[in-house]
Structure formats: structure tokens, C-alpha cells
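As the structure is a prediction and not an experimental result, all values here were calculated from the model. Protein chains get the first letters and strands the later ones, always in sequence-line order, with residue 1 at the start of each.
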Number of protein chains: 2
Amino acid sequence: MNVTQVLSQTEICQSCTIRNRAICADLHADEIVLLNSIGRHRTLTAGEQLLWEGEDAVLVGNVVEGLLKLSTGTSEGREQIVGLAYPGDFVGRPFGGTDPYGVEALAETRMCVFRRQDFDAFAREHPRLEHKLLERTLTELDRTRRWMLLLGRMDAEQKLATFLLDMVERLSGAPGLNPELTGGNTVPAFALPIGRQQIADVLGLTIETVSRHFTRLKKDGILDLPSRREVAILDRAALQDRAG
Amino acid sequence: MNVTQVLSQTEICQSCTIRNRAICADLHADEIVLLNSIGRHRTLTAGEQLLWEGEDAVLVGNVVEGLLKLSTGTSEGREQIVGLAYPGDFVGRPFGGTDPYGVEALAETRMCVFRRQDFDAFAREHPRLEHKLLERTLTELDRTRRWMLLLGRMDAEQKLATFLLDMVERLSGAPGLNPELTGGNTVPAFALPIGRQQIADVLGLTIETVSRHFTRLKKDGILDLPSRREVAILDRAALQDRAG
DNA sequence: CGACTCTTTGAGTTGCTTCAAAAGCGGTGG
DNA sequence: CCACCGCTTTTGAAGCAACTCAAAGAGTCG
């Protein structure tokens, strides 16, 4: 490996859009170079599957841009989305034998992936990285447990309202998005990254129920739905009320 | 600190019943001594609350013996149990500001607790501990996400059947319990550590629905219910079928 | 302009919840 | 030992939210 390569590899991470939000945030320059040498970039097309539930865990990685869904299903074929991975999020199962759920791209997604073995070895030698990963995993566990309250104890309207508020919050953290998404009582129209069926799969509902409640929230003047893939929040306070 | 103290402190952990299952498992003798010096033992009575949702995270710890519930509730007062902590499990929120859910003892519970600040500092200096905690957190996240499938996509019978099978598996990992709990197609009567209402709060159901399905499974010859707090599985295969 | 997919709307059914009351169990004291 | 009390669990009846099944409407793409 010559110096030019090293520099250019460093550059790749330095200019990375998620450099400060992903688990690599606290690494030193020399560590970044090392990590870069075991990783590679990969682009998934919408609908492409990255990991399969129950298969050997061979890959882990960071989402750079795009959106992934993590999901499992019952034997009868009902699907439950157990998480969405936005830019900066880590996916895959380090230190484990098999991937516990499937991972599929919902939109064209750029990633930074590692062979799991390589990543595990690197992580064990770099406590700063393990620490970041631990913090991220703890946060994700908290978020997942909060979602259990939604799945177990909320009615359809509360679920949908909570989902929309959560999505706005998540999207406004992403780069290049309107910071107005967080301000006042109305939120300008933004693009929903997923369709009705997948919203249903996140909320543990059917597509019909999701659709009916979208319609109701629109009729009640809380939402506007300029197109199927766009939502505007006309009255955030009212939506928060509906979220319970 | 004199040698006698050190030895006796080491002894405490060495004889600990969860020594090989908790996050301290991989620590060296000298690390154990240090960890011991910042921890203390505490016994909770049944019903006693250890942590409150939304409060400053001041404590973390390991369950040595007993059972804790982790739970949140909606503003309307509906409760959702988001996890149960058995012996060997870690509870509390390291590296974070506030406890994301309440923690309460369901039975008399012995714990080994640490001030969160002390624990955080210790963990950062001992990567082996952080690694164990990371592995445990990853496993817990997997378990929690599998539970989302239950909450979002299963009907009441599937939920109860899955719960019972899961509980038998968890209990049989605990010390001093009949190893027969894992063997064949029938499982001898064992004590349910929680009542019907709490089972309902785990499964996202009402107590009446839980009770009805217990009765149905008994009528169908799959379970026996010698008393309210005891269950025997007469036909594990059938129960697994019902779990979906 | 059709063919396809996704979404919305409608009608009817079901399973879980709610509300109410009875039954079971454990503990305490007469 | 039994009677009584409080608490948990079971059972019953009625209501309703979400589901299923079915079809029409909207949007997208060749």
C-alpha cells in the first residue's frame, strides 16, 4: 500500500456524508484508513435484498444514503417490519452466527459494507469503535422497546399518528432536508419513503386500515395528502393528540 | 484497601451464581476486584421499583436472583411490558441521560448494582466488559425485535403459546431448575413467575383474553393448570403448532 | 392508450375488548 | 377449624375496531 492510496482512502471517509453520525465518528485518521481497507462501497437497487433471515451473517455495514427495511414474517406469511435503517445507521449482526431478520432496500441505497469476520476482528482491536457501536445499539434497543408500546397498546389512529411524527423527526435529521420539518405547528409536504403496505407492516396493521386512517386524518384537516407519496402536516398539535 | 479485603471481595464474585453468565464473565481476577469495589448488593422486595421511566439514569446492575419487569405505559394508563430481566441479565441505561422505561421487581430480587457514572467510567477503561455488554445488548435487541412480530402479527392464541414456550426456555437456563424443562414432548408443572395481568401486559392483550385462551388450551389437552401459578405442558408439539 | 400496480372505498365478519358478575384462592382472626 | 375479607382469575354477554373479501379508482409506464 503506498502513500497515495492511503491518502485517497482517508479522503473517501473524510468526505463521507455520514462521517460524523456513523459508528466511525470517533476513529482517528489512521484507524479510518485501516477500516477503509477492509470495507467497500456497494449500491443496492430498490427491492434488492442484502441479508436473509436465518442465513449465516456474512456482511455488516453502514447506510450512507437511502433506506433499508429490517423484517421478519410469520410462517403464514404475514410480515412485520422491525426497523428502518436510515443514513448513518448500522445493519447486520456482528459477533453472531446468523442474521436474525431480513434486510432489503426500499429505495436505491448506497452502503459501506464489511465482511463480518473482518469487521469483528477490527472492532475487537478498536474499543472506540466498539463503544460507538454499543451506544448505537443501546439507542436502537430503546427505540425498539418504545415501538413495542405502539404495537401492543395503541389503536390504529394512534399508531399512524405516532408513525408520522416519528418519521418527520427521523427525516429531519437527515442531510439536505428542510430544517423546517422540525419547527412549528405545520410541516410542509415531504416525500414518504415507503408505501401504504409497508407502513402497515411497520405498524402491525393491514393496508386498508392504514388507508382509512390516512383519509380520516385528511378529512379532519390534520394532514394533507398531495399525492400518495407525499404528506403535509397541517396541525402537528392535533396529530400529537391523536398519537395519545 | 488490604489484601484480606481484596481476597474476600474477589470471593464474592467468584462464588456468584451468575458469574459465568453476566457481563463480568470475561474479566480477569484483578478487574473483578475493581468492579466489585464500585458495586454493591441490593435486595428488592416484590413490587419494589428500581428505576423510573424518564428519570435520570443513576443506577445500572445485574440481576443475581429473582425477576424484574421493564415497562412503559401510554398516557391513558395502558401498560406494556417491554422486557423481563432474569438472573444474569443487565438492566439500566449506561452512557445515557435518562432511563427509557421503568424497572420493577416482580418477585424478591437480589441484584448487584453500580452507580451509573462509576460503571460508565469502568466500562470505558475495560474493553472486555464493554464487549460483553455489546454482545448482550445485540442479543437483547434481536430478542426484542422477534417480540415485535408477536405483538404486531400474531393472534391471542399464538401469542400465549409463544410466550409459554419462550418462558420455559428462559427458565430452564436458570440454575437449580429441572433440566427436563427442555427435553421431550411434555414439560412437568413449573411455577409461573408472573400473574395473568402481567402476562397480558407482555403480550399486548387484556387479562380476560389471556384467561380465556389458557382455559381453551387446557380444554384442548395441551396444558394442565394445577393452580393459577403453575403450568404443565402436556403436548409441546401441539403448543408449538398453536404458536404458528 | 391499455396494462399493471398501488390505493381507496364499501360491506360484512371476526376476534378482542369492555363491562359486569361470579368463582376461586389465600390469609387472618374469631 | 371455619367464616370472612380482599384480591386474582374465570366466565358471560354485548359492542366495536380492525380484518377479510371484493371491487372501483388513481397513478405509472411501456
Side-chain angles (χ1 to χ4, degrees), chain A residues 45-47 69 74 76-81 106-107 150-164 189 191-220 223-231 242-244, chain B residues 46-47 69 73-74 76-80 106-107 150-164 189 191-220 223-231 242 244:
Chain A
T45 58
K69 72 169 182 186
T74 65
E76 298 108 319
R78 296 160 66 73
E79 182 178 8
Q80 177 66 49
I81 294 180
L106 293 174
L150 176 143
L151 291 174
R153 292 299 186 204
M154 288 186 184
D155 64 25
E157 184 171 79
Q158 292 177 311
K159 285 179 176 182
L160 183 57
T162 303
F163 168 79
L164 289 170
L192 274 182
I194 62 179
R196 299 289 187 270
Q197 179 60 59
Q198 270 146 352
I199 294 175
D201 290 337
V202 169
L203 301 179
L205 298 170
T206 58
I207 186 174
E208 295 95 331
T209 300
V210 170
S211 177
R212 281 185 238 275
H213 285 277
F214 260 116
T215 305
R216 183 178 304 177
L217 288 172
K218 180 178 178 176
K219 275 186 185 142
D220 293 351
L223 298 182
D224 190 27
L225 304 168
S227 77
R228 347 172 143 182
R229 283 300 187 108
E230 283 179 300
V231 194
R242 304 281 177 118
Chain B
K69 72 169 182 188
T74 64
E76 297 108 317
R78 297 161 65 75
E79 183 178 8
Q80 177 66 48
L106 294 174
L150 175 143
L151 290 174
R153 291 300 186 202
M154 288 186 185
D155 64 24
E157 184 171 77
Q158 293 177 308
K159 285 180 176 181
L160 183 57
T162 303
F163 169 79
L164 288 171
L192 274 182
I194 61 179
R196 299 287 187 270
Q197 179 60 60
Q198 272 148 351
I199 294 175
D201 290 338
V202 170
L203 301 179
L205 297 170
T206 58
I207 185 175
E208 296 94 331
T209 301
V210 170
S211 177
R212 281 184 238 276
H213 284 278
F214 260 116
T215 306
R216 183 177 304 176
L217 289 172
K218 181 179 177 174
K219 276 188 183 140
D220 293 351
L223 297 182
D224 190 27
L225 304 168
S227 77
R228 347 172 140 182
R229 284 301 187 106
E230 283 179 300
V231 194
R242 304 280 178 119

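In this structure, R78(A) reaches the dT20(D) phosphate: one of its side-chain N or O atoms is under 4.0 Å from OP1 or OP2. The phosphate of dC19(D) (OP1 or OP2) has a side-chain N or O of T209(A) nearer than 4.0 angstrom. Here H213(A) reaches the OP1 or OP2 of dA18(D): one of its side-chain N or O atoms lies under 4.0 Å away. Applying the 4.0 Å criterion to OP1 and OP2 of dT17(C), one finds that T206(B) has a side-chain N or O inside that range. At dT9(C), one or more side-chain N or O atoms of T215(A) fall inside 4.0 Å of OP1 or OP2 (strictly under the cut-off).
The main-chain N or O of Q158(B) is found under 3.5 Å from a side-chain atom of T162(B) such that the two form a donor-acceptor pair. Put simply, the side chain of R78(B) gets close to the backbone of R153(A): a donor and an acceptor are under 3.5 Å apart. Side chain of E230(B) to backbone of L192(B): no donor-acceptor contact under 3.5 angstrom is found.
Rounded to whole Å, the distance from CG on L106(B) to P on dT8(D) is 13 Å. Between the CD atom of E157(A) and the C1' atom of dC16(D) there is a distance of 15 Å, rounded to whole Å. Between the P atom of dA17(D) and the CG atom of L160(A) lies a distance of 16 Å, rounded to the nearest Å. A straight line from CG of D155(B) to C1' of dT14(C) spans 11 Å, rounded to a whole angstrom. In this structure, the CZ atom of F214(B) is 18 Å from the P atom of dG24(C), given to the nearest Å. One interatomic measurement links the two molecules: CD of Q158(B) to C1' of dC16(C), which rounds to 14 Å at whole-angstrom precision. Taking atom CD of residue E230(A) and atom P of nucleotide dT28(D), one finds them 10 Å apart after rounding to whole Å. L225(B) places its CG atom 14 Å from the C1' atom of dG24(C), with the value rounded to the nearest Å.
Looking at every heavy atom in both residues, R229(A) comes nearest to P193(A) through NH1-O, 3.3 Å.
On a pure distance criterion of 3.5 Å, no polar donor-acceptor pair joins the side chain of R212(B) and the base of dG15(C). Residue R228(B) places a side-chain atom within donor-acceptor reach of the base of dT8(D), judged by atom type and a 3.5 Å distance cut-off alone. E208(B) contributes a side-chain N or O that forms a donor-acceptor pair with the base of dC19(C) under 3.5 Å. Judged by distance alone with a 3.5 Å cut-off, no donor-acceptor contact links the side chain of R196(A) to the base of dC6(C).
Closest contact between the side chain of A156(A) and the listed nucleotides dT8(C), dA18(D), dC16(C) involves dA18(D).
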- Stepwise salt bridge (Lys or Arg N to Asp or Glu O under 4.0 Å) test for K69(B) and D201(B): CA-CA 10 Å; K69(B) 72 169 182 188; D201(B) 290 338; 5.5 Å; no
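Where L205(A) and I207(B) each meet DNA chain D at their nearest nucleotide, the meeting point lying more 5' is that of I207(B).
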